[in-house]
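All of these numbers come straight from a predicted model, not from anything done at the bench. Proteins come first, then strands; the chains are lettered A, B, ... in the order of their sequence lines, and each starts at number 1.
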Amino acid sequence: MLGAGAAEPVSLPKYAVRRLLLGLAQIVAVATLVFALTEALPGDAAVVLAGDVPDPERIERIRQELGLDRPAPVRYADWLLGLLRGDLGSSLTAGRPVAGFLAEAGGPTVQLAAITLLLLVPLAVAVGVVAAIREGRLLDRALTSAGIGLYSVPEFALAVVLVALFGIRLGWFPPTAVGVGPNLLAQPAVLVLPLLVLLARPICSISRLVRAGMIDALRSDYVRHAHRLGLSTRRVRLAHALPNAVAPAVQQLARTTDWLLSGVITVEAVFVVPGLGTALVSAVSARDIPVIQGLALVFAATTVAVNLVADLVAFRLAPRAGGAA
Amino acid sequence: MRSAMRWGPGAALLSVPLVVALAGPWLAGEPDPRGVPYGSGTLLGTDFVGRDVGEQVLLGGRTVVVVALAATVLAYLAGTPLGVLAAMTGRRWLDELLMRPLDLLLAIPSLLLLILLAATAPPGALPLVVIVAVINLPEVARISRAAALEIAARPAMEAMRLQGESRWRRAAGYVGRSMLRTLLADLGVRVVGALYLVATASFLGVGVPPDASDWAVMVDRNRTGMFLQPWAVLVPALLVVTLSVGLNLLFDGVRRHREEAA
């Protein structure tokens, strides 16, 4: 790929600014899209609030109270201005501000995602490095096949199989998080099965990239040269080959936030965790538009931000590979 | 035969859920009268509303498989011409106009987009096909555009232009045919991804009726009775797992076989 595109070398600050502008544009566009989509939801909040007996006059009155009778562009401008002030509106069904709602449901979700990421990186790198060092041997083939097989098994299917086996049949771990409350760390045993499910897919994809990068690096001239200089095998592998091998993996790590979010939504549903995913699914079924908008925006902004950071880190690790934006 | 070793295990694993999914509806026969919920009268017992689990398993695979395949096909039908057009048009603004909006779609997590779109669309299999195709569209268009750009830069294209071949013939005849290899390599990822989205959406109850005969819906609805009647959850879940693992292994085997042949 060397020389392809022949882009002039870009300095890190320049690249960062360009990437930041793109990220901002993405978030604004996502906000617009989210607004447009929630506009298209059938039946507005007034219908939901009016209850079981839909009385047209009552619906009209609620619409006026909520300002839903104003034209869409006005409401859009209003919503965007609110966003700038950090005001996401109020939940229609619970009546509380969306921001508070998010902060509360965010706890368990952030815990799940953070612990997954903390475990993911060392585990995936370890699996990838071990497979690369044992390239072609039985261990490598077993790890690689398992990785390919598990690569995109839907989390819910894996989760219920694990629950049936370890939660019910063997009784090692609690099958759901019912009764634990928002702080999952209070009862770490509850976390074991959800984390296993969340880790399965990202470990497969990242360890594969680490393995491929490591194999390339171990065959490269500079590693051979380091060996010739008399550096220990351990030092060559970890200090010289590994940093080059992980650059593509960092970008893949960002892409797994997409999976992690999907995974968190499903895992929360399976294990009955009161987090953002559960909130999203119930807000959609209740047509609670401000909550849907807020959640969608938080999810999308997180993805954009993580991708941004990952691109910058990857650029720093291996400047040649950068400039993708 | 080394090649058979490459894709054999995947194909074998895949055949079980695939046969159940596609032939199941013919084997299922007439629905029996409903029994008690989570009973154990039949081979696999009964589900949350007292239907025979064995029969539901036979009925429940077709939608998942057909929707995932149809969505993949639709994504290629829409995305490939888009990508080729963006690559072959000489006008930069048209390229940007076609590709930039798709880049923005990529910034939204796919399951989130699916939930949002499915909430606005009427329920049913057809809207789900369209939604999953839309989610796959940006990637398909990007891959097609990259492949077409590379091919359009080849000397053969220059020769065809000098011979006075029309733009249409160059695009469809040469670039289209040369792209097949790239697109085939991408096919596995697409199908597996579509399957993942369709199954996960159905599990979350997005775009499907709550008592649908569908493996993912079965897993969701029968979870409450997992202590009483685990088969009603485990059998459909394991079928989804084997379907996905089998597909992955098969496509990976085919890919490596092609790489070795190349």
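Chain B forms the most heavy-atom pairs under 4.5 Å with one residue out of A:V304, A:V270, A:L150, and that residue is A:V270. Across A:L260, A:T266, A:V281, A:L261, the residue that shares the most heavy-atom pairs under 4.5 angstrom with chain B is A:T266.
When all heavy atoms are compared, the tightest approach of A:A157 to B:A237 is CB-O, 3.7 Å. Between A:L158 and B:V241, the closest heavy-atom pair is N-CG2, 4.3 Å.
Of the two parts of B:L204, the backbone and the side chain both hold a non-hydrogen atom closer than 4.5 Å to a non-hydrogen atom of chain A. The part of B:F203 that comes within reach of chain A is its side chain, from C-beta onward, which places non-hydrogen atoms under 4.5 angstrom from that chain. Proximity to chain B is absent for every atom of A:L165, based on heavy atoms less than 4.5 angstrom apart.
Put simply, CG on A:L280 and CG on B:L112 are 6.0 Å apart, with the number rounded to the nearest 0.5 Å. For the atom pair CD of A:E155 and CG of B:L111, the computed distance is 8.5 Å after rounding to the nearest 0.5 Å.
A cation-pi arrangement is present between A:R201 and B:Y196, with the terminal nitrogen or guanidinium carbon under 6.0 Å from the aromatic centre and inside a 45° cone about the axis.
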Candidate pair A:V160 and B:L234, rule side chain to side chain contact (heavy atoms under 4.5 Å, CB included), full reasoning | CA-CA 7 Å; A:V160 294; B:L234 267 183; 5.6 Å; no
